[in-house]
Structure formats: structure tokens, C-alpha cells
Amino acid sequence: MVTASAPHSSPGPEASSAVSTAGAAARPTPEDSSHQSAFFADAWQRVLPDLAADARRKSDLFARRGLAEAVAAMSPSVSLDERDGRRRIVIDKLQDSTANAADRGGVTFIPTVFGRPHLLAVYAQGWRPVLQYPVAEAGLPEPVSLGLVQQRLEALAHPIRLRPARTIARGPHTTGELATAWQLSAPEVSRHLAVLRRAGLLITERRGRYMLYQLDLAGSARLGSDFLEAVLR
């Protein structure tokens, strides 16, 4: 877990840095332009619209919703912790480290179209902390947090819950149909379905007075092809 302590005042240096840095990343400086080769000039023109659009979205989020919404939009692994009267930007990474961004003029946020899905946090003594995050790409699913992945794995790890999950992977079923098929009580099936729903693994559809449940195969597939093949076997 990486944390960057931020000043409590609003908007604050770290907040203005988030906006101004994203904007700067979307505009080449004269020095940059003078050193661009033909290859990098072409690449820059290709990625510039995505970087500029991301800068606009983050700036708008910061202006309308505040810093917490702006940093959360960068990645599910980034959040703002305001407990104990202090503000901390928390980044879910393997290593444990803390940096005081208030003493360094804030945090530099750098969007990238080449780093997906990696979230890069860099800090050196005496320098401003830097966070490089991937820009969302059209046609690709939004990344989910590590916490949600863990929740989905735990939801599917229960041996009893896996039984109805295999049934609804093949098509929609009602609670009564699942109870009959697996010799469970309707309340027991409902509890298991509730766990799958909270994990974002259920698709629901109402037909008349019946509610039909189906496993979200697209979401399940992102957990791994072996799992998907096993439940459909």
C-alpha cells in the first residue's frame, strides 16, 4: 500500500497538480516539439486526443465532485482517505511506503495510453511523488479493484454456492427452479444468489411475477478461462 499525505485545505497543491499536470501532458512544449522524431510525432498525434479527453474529464470531475472523485476515476486502486482529519491518497500496491506530498508541492499525475493495466507510483527523497495511470480505452472493460476480484473469488469458492452457479451459467432460472434442482430451500438459494449479486456476477430479468437469475459469463470470464470452462462443463 502506497500513501501520499496531502494538505487538508481545498483545493490544495495536490489537487491543482492533478489538473494542471494532466493538461500539460496533453500539450507538447516547444522543447518537446523540437526533439520529436517522425515516429514520435506520429505517435503523439495518435494519442493526443485520448490524453486531452482524459485531462478534460479529470478536470471536470475535480471541479464538480472534488479530489476524491478525480483520483478514484484514475484507477479502482486509487482512493482518498480523509480519516483522522488528514488527507491521504492511497494506492493499492504490493510495497508499503509513505510520502508527504504536502512538503513537495503536491502529487504529479501522468496519464498514459501505453501502460495499461499498470499503475506506477514513484517517489524519491526530495522529489514530488508521481503517479502514472492508464487512460481508459474505448471497447475495453473498465478495470476492477483487487477487493472486488477477491470478493468474486470468495463468492464462487463456496461448494454449495457453486452448484446453482453452474446451473445459471447455462441459462436463466428462478429461485424455485434452483431449489428443486439442487434440493435446497428457497431461502437458502436466495442467500447464495445475494452473495453472487453483491459480487457483480449475476444478471437478473423479471418475467411477469418471476425473477430469473443468470451468471454473468462476461464478468466470470475475466476471472479466468479455466473457471468458465469448468462451470460450463
Side-chain angles (χ1 to χ4, degrees), residues 1-33 43-93 95-149 200:
M1 194 74 66
V2 179
T3 62
S5 299
H8 190 70
S9 58
S10 180
E14 87 293 343
S16 60
S17 172
V19 177
S20 62
T21 303
R27 297 190 298 273
T29 65
E31 182 180 357
D32 293 333
S33 299
W44 177 258
Q45 292 302 318
R46 188 172 65 254
V47 304
L48 178 60
D50 290 334
L51 294 176
D54 183 81
R56 288 192 298 270
R57 285 193 296 269
K58 299 301 187 296
S59 298
D60 183 59
L61 265 178
F62 171 71
R64 293 188 299 107
R65 303 283 185 86
L67 182 60
E69 294 270 357
V71 298
M74 295 175 187
S75 168
S77 297
V78 183
S79 61
L80 184 67
D81 182 355
E82 298 185 275
R83 293 174 296 179
D84 306 324
R86 301 177 62 187
R87 300 210 300 179
R88 302 177 183 89
I89 298 173
V90 181
I91 307 162
D92 187 4
K93 300 289 285 183
Q95 71 271 29
D96 291 326
S97 180
T98 301
N100 192 335
D103 294 342
R104 305 301 172 193
V107 180
T108 299
F109 298 98
I110 304 177
T112 176
V113 296
F114 299 112
R116 184 183 176 93
H118 303 291
L119 188 67
L120 182 63
V122 178
Y123 169 69
Q125 189 67 33
W127 292 80
R128 175 186 291 190
V130 174
L131 175 64
Q132 179 179 284
Y133 64 93
V135 173
E137 298 180 45
L140 293 179
E142 287 294 318
V144 299
S145 67
L146 181 61
L148 181 55
V149 173

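- Between L51 and V135, the shortest heavy-atom distance links the atoms CD2-CG2, 4.1 Å.
- If you take CG on L131 and CD1 on I110, they are separated by 8.5 Å, rounding to the nearest 0.5 Å.
- In this structure, OG in S75 is found 4.5 Å from CG in L119, a value given to the nearest 0.5 Å.
- Using a 4.5 Å cut-off on side-chain heavy atoms (C-beta onward), D54 and Y133 make contact.
- Pairing each heavy atom of I91 with each of A121, the nearest pair is CD1-CB, 4.0 Å.
- When all heavy atoms of G106 and P129 are compared, the closest pair comes out as O-CD, 3.6 Å.
- Of the charged side-chain nitrogens involved, at least one lies within less than 4.0 Å of a carboxylate oxygen, so that R64 and D60 count as a salt-bridged pair.
- Of all heavy-atom pairs between L61 and A73, the closest is CD1-CB, 3.4 Å.
- Of the charged side-chain nitrogens involved, at least one lies within less than 4.0 Å of a carboxylate oxygen, so that D81 and R83 count as a salt-bridged pair.
- The two residues A70 and K58 have their closest heavy-atom pair at O-CD, 3.9 Å.
- Considering every non-hydrogen atom in both I89 and F109, the closest pair reads CD1-CZ, 3.9 Å.
- A heavy-atom distance below 4.5 Å is found between the side chains of F114 and V47.
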